[in-house]
Structure formats: structure tokens, C-alpha cells
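Scroll down for the structure; my scribbles are underneath it.
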Amino acid sequence: MLPVSDIERNFERFVKGLEKRGIENAEKSLKAILTKDKLRRVLRGELDEVLHESNILSKEIGSLFQQGKRAEAEEAKCKTSSLKEKSKELNGELSHIQNELNDILFNLPNIPHESVPVGSTKEENKIVKVFDETIPQLKGDKKPHWELIEEYDIIDFELGNKVTGAGFPFYKGKGARLVRGMINYFLDEAVSAGYDEIQPPIVINEASGYGTGQLPDKEGQMYYLEADGIYMIPTAEVPITNMYRDKIIPADRLPLKNAGHTPCFRREAGSWGAHVRGLNRLHQFDKVEIVQIVDPEKSYQVLDEMVSHVEALIKSLGLPYRILQLCAGDLGFTSALTYDFEVYSIAQERWLEVSSVSNFETYQSNRLKLRIRGKEGKKRLAHTLNGSALALPRVMAALLENNQAEGSIKMPKVLHPYLGFSKIIK
RNA sequence: AGAGAGGUGGCCGAGUGGUUGAAGGCGCACGCCUGGAAAGUGUGUAUAUCCCCAAAGGAUAUCGAGGGUUCGAAUCCCUCUCUCUCUGCCA
């Protein structure tokens with residue numbers, strides 16, 4: 001949520017920012033925010049004044065009663081009724097305007113960082129870096145992973161269909177072992193990079209959904225458990241970042257660094273087709289997420305640090321990769337700047353997104369009421385960042401496809417200790 | 001799931017309708033004292049919003065959350081929620 005005081009101070013920048021995202025009527029919406037906020041303040045002032053008067057009267061009545069001046073007290077009581085009515089009225093107007101204000105604010109996305117490229121589609125994302133080797137070619141057959149997993153019997157989609165539904169596969173034998181191994185490897189790497197490991201709940205309440213910005217924007221993307229009013233998480237970002245909701249963190253405790261593995265659940269409504277076959281898109285998948293809460297001054301430096309962390313992971317797995325900076329139109333609702341990581345899948349001859357690393361600046365912290373207390377006791381909103389390090393299924397798809405050989409699939413060296421085997425054989 | 005008890009400031013804890021935003025204690029910060037420290041002593045010590053360029057100051061709200069009664073509620077009523085104890089069930 002955009003902080004109103006910032007909008008007021010940097011009006012032009014906010015208009016331009018929203019327009020860059022292709023938001024229509026950006027200026028009009030922002031102006032409406034300022035007008036409504038102004039009105040809100042006026043009403044607040046009036047209401048406070050009325051309440052002040054009535055508080056004074058109440059105290060008078062109290063002391064009159066104590067002095068035994070009954071008649072005078074009764075008289076004073078009459079005066080309060082008009083004040084009471086007035087305050088009721090003002091209260092109604094105030095909450096009405098507050099709702100209108102929130103409505104606009106909740107539905108405006110974050111302002112893109114100035115370096116974010118202009119553009120409205122994926123094709124306009126800027127390629128920041130491509131791994132420095134030429135894309136390897138395979139000799140002989142190159143099978144897509146959905147054929148390989150059947151051949152080696154490591155993932156079973158049919159069984160998933162039977163037991164749950166499409167997009168919920170079973171991982172079996174060495175496939176299951178590979179999942180577990182990667183999770184452990186990614187977590188270990190995060191821990192040695194200074195992240196505190198967390199095992200968060202995988203369902204969250206509504207307040208948490210609002211806190212990180214999944215609600216009200218992405219209602220339809222999350223599985224909702226109606227009986228208990230809770231949502232299954234689309235990413236560990238939600239519970240982990242919400243740990244700090246309504247917190248005031250002393251500046252010297254920053255940065256806060258957390259990492260956690262969770263299954264992630266996405267309904268991905270209406271997005272099924274040929275290009276999302278196999279592991280390319282699932283309703284449930286595993287991901288290790290890294291989250292940082294930092295001083296605003298340092299957030300872009302931290303973003304770079306997180307990008308390096310993810311890059312090192314992908315490199316260590318020996319996968320061809322590239323890094324994209326998302327253009328304004330492709331940027332997530334809450335993000336100011338996002339880098340996507342893609343790995344190349346040789347058999348599919350496609351780039352697959354495996355990580356997304358973002359700086360949300362104050363957008364989430366404003367919703368979360370997550371603040372930093374500085375040296376002189378001054379408070380300000382923190383910056384929040386997160387990144388996938390990494391999401392498993394597409395990494396797995398690329399590993400299987402790129403390392404396939406005659407009769408076996410080789411596993412990257414870094415995973416050997418985690419797997420207990422060095423290749424998958426039939 | 002059933003029965004009972006209870007949620008007060010960073011923590012403990014008093015408070016059952018009228019200067020109680022909240023006694024007292026602990027903790028913390030700053031000062032005094034001391035050669036230094038401890039002890040002692042003094043002062044300060046919540047959050048949000050509004051007024052204000054800012055500071056200072058003032059106002060309003062907040063004693064689990066929401067609603068109600070009342071001129072006035074931490075204190076009374078209702079709903080929800082969480083914690084603890086006992087019983088039940090369970091990995």
C-alpha cells in the first residue's frame with residue numbers, strides 16, 4: 001500500500017510510476033486519495049473536538065455528583081445529547097471516507113523503481129545477464145522431462161490425478177529423494193549465507209494475506225478453506241514476512257534474514273495448456289524462500305546480494321541461466337523491482353523461470369505496519385525483500401532434461417551428498 | 001470436543017462505573033553520587049491518528065477484538081478470540 005504522505009510529497013513521481021505500469025487514470029486516483037485524505041483529516045479534527053467537549057462535560061458532571069449537586073448535574077447531562085449525536089454522525093462520515101480511501105489504496109500497485117524498463121509484456125523484460133557459455137546441445141535423443149520421468153519412474157502424474165487432481169504429482173523413489181535433497185541443499189546454503197531457518201505454517205489468515213499483498217488482488221489464486229476462513233499459502237513469503245506484522249524493530253537488529261521451505265499452493269485458474277506440461281506448472285510445489293527486512297537505505301544493496309545468492313545456487317547446479325529485470329507491465333503488484341531467473345531446458349528448448357527476487361520497498365511494510373526504530377527513537381517503515389532460492393520443479397525439469405544420457409541421468413556434484421546417488425538409472 | 005479459570009503498559013502486578021493512560025515493582029535510558037563499579041538517589045520510559053514546516057506542546061483513541069448500556073467503562077451486558085487447568089480424543 002502506498003503511504004499517503006509519500007504521495008503528497010512526491011506526487012509527480014507517483015503519477016509517472018503508475019503510468020509506467022499502464023494504470024489508467026493514475027493521476028485521478030492519486031488526486032482522489034489526497035482529497036479524501038484531506039477530508040478525512042478535517043473530519044478527524046472535528047470529531048476530536050466534539051469528543052473533547054463531551055469529555056470535559058462528563059468530568060464536570062462527575063464532580064457535580066460528588067459534590068451532591070444533583071440538579072446541576074442533571075442539567076449538564078442534557079447538554080451532552082447534542083454532542084453525542086454530532087459525534088455519531090461524524091463517526092459515520094469518517095468511517096465511510098476511510099473505507100473509500102482504503103479501497104483506492106488497496107487497489108493501487110507499487111511504484112516501479114526508476115531503473116525498471118518500460119513495457120507491458122514479458123517480451124519487453126530486460127535481459128540483464130546470460131550465463132557465459134553457449135547453450136549446450138545434446139547428442140542423440142533429447143527427451144522432454146515428462147517422458148523421462150515415466151521412463152525412469154520417478155514422478156507419477158497419473159497417480160496424482162487419481163488421488164487428488166491435475167497438478168498434484170507423486171514423486172517416487174529417486175524422484176522423491178531428489179526433492180528432499182534439493183530442499184536440504186538449498187536450505188543449508190541459505191543458512192550458511194546467514195539466514196535463520198523457519199518452518200512456518202502453510203495456511204494463513206486473512207490479515208496475513210492483506211499484509212503481504214496477496215489480498216485483495218489475488219483472491220482467486222489461493223486455495224481457501226472456508227470452514228476455518230484460512231488460505232493455503234502460495235509462497236513462504238506470506239507467513240515469513242507476516243512474522244513481523246505490527247512490529248517495531250530496533251535499527252541495530254537489522255537486517256532480519258529468514259529462509260524457509262514450504263510446499264506452495266497455486267490454483268493457477270485458467271492457465272492450462274501445452275506449454276505448461278509436466279513440471280512446468282503445478283498446483284503444489286516445493287520452494288525454499290529467502291526473506292529480508294532491512295533499512296531503506298540498504299535495500300537495493302541487499303537486493304543485489306540476494307540475486308548473487310540465487311545465481312550461485314543455479315551455477316552450482318550447472319544449469320544454463322539468464323537473469324531478467326521485469327518491465328513495468330510484468331512487475332508483480334507489490335514489487336518495486338524484480339529480477340527473474342530462468343534456466344534453459346534443452347529438450348524443451350525453452351527458458352523456465354525458477355526464481356523471482358524482489359524489493360517491495362515500503363509497500364508491504366506499510367500494510368504490515370512493520371517499522372524500524374532508529375537511534376533517536378524515530379520510526380520509519382522498513383523495506384522488505386524476498387526471493388526464491390529456489391523453486392524446485394522447473395529446476396528438476398531442467399536437471400533431468402539437460403543431464404540425460406544413454407540409460408541414465410547424471411546429478412550435479414553438489415547434490416551427491418544429499419542424494420546418496422550420483423545418477424538416476426532405470 | 002466438554003467443564004472451569006483467565007487475558008491490564010517491555011515484563012510482573014494493582015485496580016469492579018467518575019482527573020486511571022492506568023498505583024506499585026522489575027527492566028531500560030539519562031543524570032547525581034563514586035577513583036571506578038555496586039548500592040543509593042533523581043528524572044524519564046506505549047502505540048496510532050489529528051493540529052503543527054519542524055521541535056515543543058495540545059487533542060482524540062487504545063487495558064485480547066468487536067458491539068452495547070451510560071453524561072461517563074479497564075471496571076456492567078452481548079458476541080468472538082486466545083491462553084491455562086481438568087476430562088475426552090489424537091501424531
Side-chain angles (χ1 to χ4, degrees), chain A residues 1-11 33-102 104-106 199-211 225-231 239 242-254 256 263 362 364-382:
Chain A
M1 193 154 69
L2 304 172
V4 176
S5 56
D6 287 357
I7 298 176
E8 198 154 19
R9 268 196 294 273
N10 308 300
F11 190 76
I33 288 172
L34 294 185
T35 320
K36 284 181 197 297
D37 186 61
K38 177 82 188 149
L39 181 56
R40 195 197 103 247
R41 279 188 274 174
V42 171
L43 287 171
R44 181 80 246 179
E46 285 177 24
L47 178 62
D48 283 356
E49 218 163 286
V50 171
L51 290 173
H52 180 47
E53 276 179 54
S54 107
N55 280 347
I56 289 173
L57 263 179
S58 290
K59 278 179 189 163
E60 275 173 24
I61 293 170
S63 69
L64 285 174
F65 268 120
Q66 278 177 335
Q67 291 163 34
K69 298 178 182 168
R70 265 221 122 82
E72 286 176 53
E74 289 299 334
E75 198 180 314
K77 268 196 198 180
C78 300
K79 282 196 259 176
T80 59
S81 67
S82 73
L83 285 175
K84 220 180 170 188
E85 229 165 85
K86 181 90 184 159
S87 81
K88 214 170 204 171
E89 195 183 304
L90 285 169
N91 227 326
E93 286 178 48
L94 190 63
S95 61
H96 181 70
I97 199 82
Q98 186 78 62
N99 286 341
E100 286 185 343
L101 190 58
N102 280 342
I104 306 177
L105 282 169
F106 272 126
Q199 275 263 338
I202 59 169
V203 290
I204 48 117
N205 59 25
E206 195 174 49
S208 295
Y210 273 92
L225 306 179
E226 206 175 351
D228 298 293
I230 51 183
Y231 298 84
N242 270 283
M243 295 196 300
Y244 304 106
R245 171 149 50 86
D246 295 319
K247 290 273 186 200
I248 300 173
I249 318 276
D252 57 15
R253 279 191 45 213
L254 297 175
L256 300 174
T362 58
Q364 290 184 328
S365 60
N366 190 33
R367 289 191 177 195
L368 293 160
K369 298 199 177 64
L370 163 53
R371 285 153 298 172
I372 301 170
R373 190 193 299 281
K375 281 193 190 105
E376 301 87 36
K378 284 203 171 188
K379 291 175 293 280
R380 59 205 160 129
L381 292 169

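Below, read A as the first sequence line, B as the second, and so on, with proteins coming before strands; counting in each chain starts at 1.
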So, do A:Arg9 and A:Asp6 sit near enough that their side-chain heavy atoms are less than 4.5 Å apart?
yes
Partner lookup for B:rU19, please. Criteria are Watson-Crick or G-U wobble with both distances under 3.5 angstrom; report none if nothing qualifies.
none
Which whole number of Å gives the distance between the P atom of B:rU79 and that of B:rG42?
49 Å
Watson-Crick/G-U partner (both atom distances under 3.5 Å) of B:rC33
none
Would you check if A:Leu51 and A:Leu83 make a side-chain contact, meaning some heavy-atom pair closer than 4.5 Å?
no
For A:Asn205 and B:rU81, what is the distance between atoms CG and P respectively, to the nearest whole Å?
13 Å
N/O (side chain, A:His52) to phosphate O (OP1/OP2, B:rA59) under 4.0 Å:
no
Both distances below 3.5 Å, Watson-Crick or wobble geometry, any strand: find the nucleotide opposite B:rG9.
none
Results of salt bridge (charged side-chain N to carboxylate O under 4.0 Å, His left out) for A:Lys59 - residues two or more places apart only:
none
Considering all heavy atoms, the nearest A:Glu46-A:Leu90 contact:
OE1-CD2, 3.5 Å
Paired with B:rG66 by Watson-Crick or G-U wobble geometry, both distances under 3.5 Å: which nucleotide is it?
B:rC78
Under the 3.5 angstrom rule, does the side chain of A:Asp246 hit a backbone N or O of A:Lys369 as a donor-acceptor pair?
no
Rounded P spacing from B:rG67 to B:rU43 in Å
40 Å
All ring pair (Phe, Tyr, Trp, His ring centres under 6.0 Å) counterparts of A:Phe11, not counting sequence neighbours
none
B:rC11 and B:rC28: how far apart are their C1' atoms, nearest whole angstrom?
11 Å
Roughly, in whole Å, what's the span from CG in A:Leu83 to C1' in B:rU70?
15 Å
Protein-nucleotide distance (A:Arg373, atom CZ; B:rA29, atom P), rounded to Å
14 Å
Which heavy atom of A:Pro3 sits nearest to which heavy atom of A:Thr362, and what is that distance?
CG-OG1, 3.8 Å
Quickly work out the A:Leu370 CG to B:rU47 P distance and round it to whole Å.
15 Å
Would you name the heavy atoms of A:Asn242 and A:Ala207 that are closest together and state the gap between them?
OD1-O, 4.3 Å
So, using salt bridge (charged side-chain N to carboxylate O under 4.0 Å, His left out) as the criterion, who are the partners of A:Arg41 when residues are at least two apart?
A:Glu8, A:Asp37
Say we look at B:rA14 and B:rG64: how far apart would their P atoms be, to the nearest angstrom?
14 Å
Verify the distance criterion only: is there a donor paired with an acceptor across the side chains of A:Ser58 and A:Asn55 at less than 3.5 Å?
no
Between A:Arg373 (side chain) and A:Ala251 (backbone), is there a donor-acceptor pair under 3.5 Å?
no
If every non-hydrogen atom of A:Arg40 is compared with every non-hydrogen atom of A:Leu94, which pair is closest and at what distance?
O-CD1, 3.5 Å
For RNA chain B, find the residues of residues 87-100 of chain A with a heavy-atom distance under 4.0 Å and give them by number; none if there aren't any.
none
Position toward the 5' end of RNA chain B (nearest nucleotide), A:Glu53 or A:Lys84
A:Glu53
Taking RNA chain B as the partner, which of residues 54-62 of chain A come within under 4.0 angstrom of it by heavy atom?
A:Asn55, A:Ser58, A:Ile61, A:Gly62
Rounded to whole angstrom, note down the C1' distance from B:rC71 over to B:rA1.
46 Å
Under a 3.5 Å cut-off for both distances, is B:rC90 Watson-Crick or wobble paired, and to whom?
none
For B:rA48, the Watson-Crick or wobble counterpart (both distances under 3.5 Å)
B:rU60
For A:Arg367 versus A:Gly211, what's the shortest heavy-atom pair and its separation?
CB-O, 3.5 Å
In B/S/- notation (B base, S sugar-phosphate only, - none; protein heavy atoms under 4.0 Å), nucleotides 48-55 of chain B written 5' to 3' is SSSS----
Distance, P atom - from B:rA46 to B:rA23, rounded to whole angstrom
12 Å
Complementary nucleotide for B:rA14 - Watson-Crick or wobble, under 3.5 Å:
none
